[in-house]
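In what follows, every chain begins at residue 1, and chains take the letters A, B, ... in the order their sequences are listed.
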There are 2 protein chains.
Amino acid sequence: MSDFYQKKTTNGYYCNIYQYLIYMKVESRKQEIINAAAILFKEKGYSAVTMRDLAKAMGIKAASLYNHIQSKQEILSTIIIDLAEEFTTGMNAIAASDINCVEKLEKIISLHIDVTLRNSDGLASLNNDWMHLEEENLLYFEKMRRDYEENFRKIVIKGLKAGEIKSSNVEIIVFSTLSTLRTLYLWYPKQQNIDAAILKKDMISVLLKGII
Amino acid sequence: MSDFYQKKTTNGYYCNIYQYLIYMKVESRKQEIINAAAILFKEKGYSAVTMRDLAKAMGIKAASLYNHIQSKQEILSTIIIDLAEEFTTGMNAIAASDINCVEKLEKIISLHIDVTLRNSDGLASLNNDWMHLEEENLLYFEKMRRDYEENFRKIVIKGLKAGEIKSSNVEIIVFSTLSTLRTLYLWYPKQQNIDAAILKKDMISVLLKGII
DNA sequence: CCATAAAACTAACAATTGTTAGTTTTATAA
DNA sequence: TTATAAAACTAACAATTGTTAGTTTTATGG
């Protein structure tokens, strides 16, 4: 540790790995900009937020943003694609795991809660502004979204066949569960210090066992 | 009937009520514009849709729109306020009715499905673009939304006390149910010819009794 | 203190925005 | 046919948009 951390500076520290000396920032200015953008996008949507709005939130001028980012579009795609990949990775692990279908649904609920607690601002863009992604990223996102829903649907169908899930319209089950999980980002920040473990338990109960 | 409909024209008909002769349109050009706008707003959001986009969808030039509407803002507020008032009226009737809490929840689910079937495009604006309403309409909308949620919450709390609803976190019940109902507009148009009565029955079952 | 790089700045651009003014076309009733 | 009103048009405006070029300031390590 003592020869790992070579020297601290204001925004980061130097670090030698083998023969290389590299500079590592605590959090890059770029990431700060992206985080600030996510908050603004959540409030007004991507299209209504101007680069001047974002600059003002950062306490700098609009042109200065371009020392750190390539374009407004890059900010949006970073926010959305990072999150979508997080969901994809999580879902793939759950789908491949050797547990029954109801347990898989519980893991999915847990995944959504974890991601929401970590980045509820970014989820607003993922839910509402994905259509403003450009060509390649739009297609990539849409594929991830499609695959995610298909994995979810397969789990429900298997659960129905196995008798773990009550017979009902598959699409209604998929839609009603997913819509609640996807909207968590709107609701969670309004709750003061709710414990993640309790939230998971209650959400699982309400979504799976109902309320009456 | 025969002396009620006086004369037909291309876009409407003349009609005498008592001593007055009035001209009634089948559907006003204004309403056509608002309907077209709702579709575009659903696809890209209010801020990303330009008056030239809307004009092109109507097959006319942007300036021509202003023969029928006052402003872009008027279109948005008409879409949202009309729908919000519809929900408010429906909820007030349900809250005041002499039925038990679970029956009230069933009526609320039915209300959301009815409104969604009638105007799923407009609901996109209500859900995603309400923050772009201006001063007075924004306050009016926010009050209606607050009151609606408060009515919903009261019904759930009463249901819990009466033992009609299983003990659980009130906020989670309110949030998870409402988020599904509010997102119906995204899901319903993708389903081909699903019967409203069956949809209501299944939604009530999934939301109230759960899936396992 | 000095050299360098990171990060801010000013000024401006070309395109697009909602909207207005004034004019022409189209539809209607007599 | 003719007068009128509805609804389209062209042309333009002032403001705002994302972004670039070029310059100055600030922070850093030696």
Side-chain angles (χ1 to χ4, degrees), chain A residues 5-16 20-34 36-37 40-41 44-78 129 132-134, chain B residues 5-16 20-34 36-37 40-41 44-78 129 132-134:
Chain A
Y5 290 97
Q6 282 279 22
K7 185 159 187 179
K8 286 196 176 182
T9 68
T10 308
N11 294 319
Y13 50 85
Y14 282 91
C15 161
N16 61 346
Y20 301 106
L21 183 68
I22 61 166
Y23 184 72
M24 304 178 70
K25 287 195 184 170
V26 173
E27 180 181 43
S28 75
R29 196 86 172 117
K30 180 170 179 172
Q31 196 56 53
E32 287 182 58
I33 290 170
I34 290 169
L40 295 181
F41 292 168
K44 303 167 64 184
Y46 175 73
S47 302
V49 174
T50 71
M51 295 305 276
R52 286 165 181 84
D53 289 337
L54 177 54
K56 183 170 276 182
M58 294 291 298
I60 60 177
K61 296 292 163 116
S64 305
L65 293 168
Y66 289 84
N67 285 317
H68 307 282
I69 52 120
Q70 288 182 12
S71 63
K72 189 187 181 189
Q73 174 68 202
E74 189 206 10
I75 298 175
L76 183 70
S77 60
T78 303
D129 286 319
H132 298 117
L133 290 172
E134 286 170 2
Chain B
Y5 289 98
Q6 283 280 21
K7 184 160 188 180
K8 283 195 178 186
T9 69
T10 308
N11 294 318
Y13 49 85
Y14 281 90
C15 162
N16 62 345
Y20 301 107
L21 182 68
I22 61 167
Y23 183 71
M24 302 179 70
K25 288 195 182 170
V26 173
E27 181 181 39
S28 74
R29 196 87 171 117
K30 180 169 179 173
Q31 196 57 51
E32 286 183 58
I33 290 171
I34 289 170
L40 296 180
F41 292 168
K44 304 168 63 184
Y46 174 74
S47 302
V49 174
T50 71
M51 295 305 278
R52 286 166 182 84
D53 290 337
L54 178 54
K56 184 169 274 182
M58 293 291 297
I60 59 177
K61 297 291 162 126
S64 305
L65 293 169
Y66 290 85
N67 284 318
H68 307 283
I69 52 119
Q70 287 183 11
S71 65
K72 189 185 182 190
Q73 174 67 206
E74 188 206 10
I75 298 175
L76 183 71
S77 60
T78 302
D129 286 319
H132 298 118
L133 290 172
E134 286 169 2

*Asks:* Please check the phosphate of D:dC9 (OP1 and OP2 only) for any side-chain N or O of B:Ser64 closer than 4.0 Å.
*Replies:* yes

*Asks:* Just the rounded figure in Å: distance from P of C:dT24 to NZ of B:Lys61.
*Replies:* 17 Å

*Asks:* Under 4.0 Å from OP1 or OP2 of C:dA8: is there any side-chain N or O of A:His68 that close?
*Replies:* yes

*Asks:* Could you give the CD1-to-P distance, from B:Ile60 to C:dA27, as a whole number of Å?
*Replies:* 14 Å

*Asks:* Measuring from atom CE of A:Met51 to atom CG of A:Leu54, what distance do you get when rounded to the nearest 0.5 angstrom?
*Replies:* 5.5 Å

*Asks:* In chain order, what residues pass the side chain to side chain contact (heavy atoms under 4.5 Å, CB included) check against A:Ala55, with sequence neighbours excluded?
*Replies:* A:Ile60, A:Ala62, A:Leu65

*Asks:* To the nearest 0.5 Å, what is the distance between CD (B:Gln70) and OG1 (B:Thr78)?
*Replies:* 9.0 Å

*Asks:* For the pair made of NZ in A:Lys30 and P in C:dA6, what is the distance, rounded to whole Å?
*Replies:* 14 Å

*Asks:* Sequence neighbours left out, what passes ring-ring contact (aromatic ring centres under 6.0 Å, His included) with A:His132? Give chain and number order.
*Replies:* A:Tyr46

*Asks:* Can you give the dot-bracket line for DNA chain D, using ( ) for pairs inside the strand, [ ] for pairs that cross earlier ones, | for pairs with another strand and . for unpaired bases, where Watson-Crick and G-U count if both distances are under 3.5 Å?
*Replies:* ||.||||||||||||||||||||||||.||

*Asks:* Determine whether A:Gln73 and A:Leu133 make a side-chain contact, defined as any pair of heavy atoms from C-beta on separated by less than 4.5 Å.
*Replies:* yes

*Asks:* Can A:Thr50 and A:Asp53 be counted as having a side-chain donor-acceptor contact under 3.5 angstrom?
*Replies:* yes

*Asks:* With sequence neighbours excluded, give me every salt bridge (Lys or Arg N to Asp or Glu O under 4.0 Å) pair touching residues 66-78 of chain A.
*Replies:* A:Lys30-A:Glu74

*Asks:* With sequence neighbours excluded, what pairs up with A:Ser71 under the side-chain hydrogen bond (donor to acceptor under 3.5 Å, both in side chains) test?
*Replies:* none

*Asks:* Using atom CG of A:Asn67 as one end and atom P of D:dT25 as the other, report the distance to the nearest whole Å.
*Replies:* 16 Å

*Asks:* In B/S/- notation, 5' to 3', how is nucleotides 12-21 of chain C contacted by protein heavy atoms closer than 4.0 Å?
*Replies:* B----BBBBB

*Asks:* A:Ile33 CD1 to C:dA6 P: how many Å, rounded?
*Replies:* 15 Å

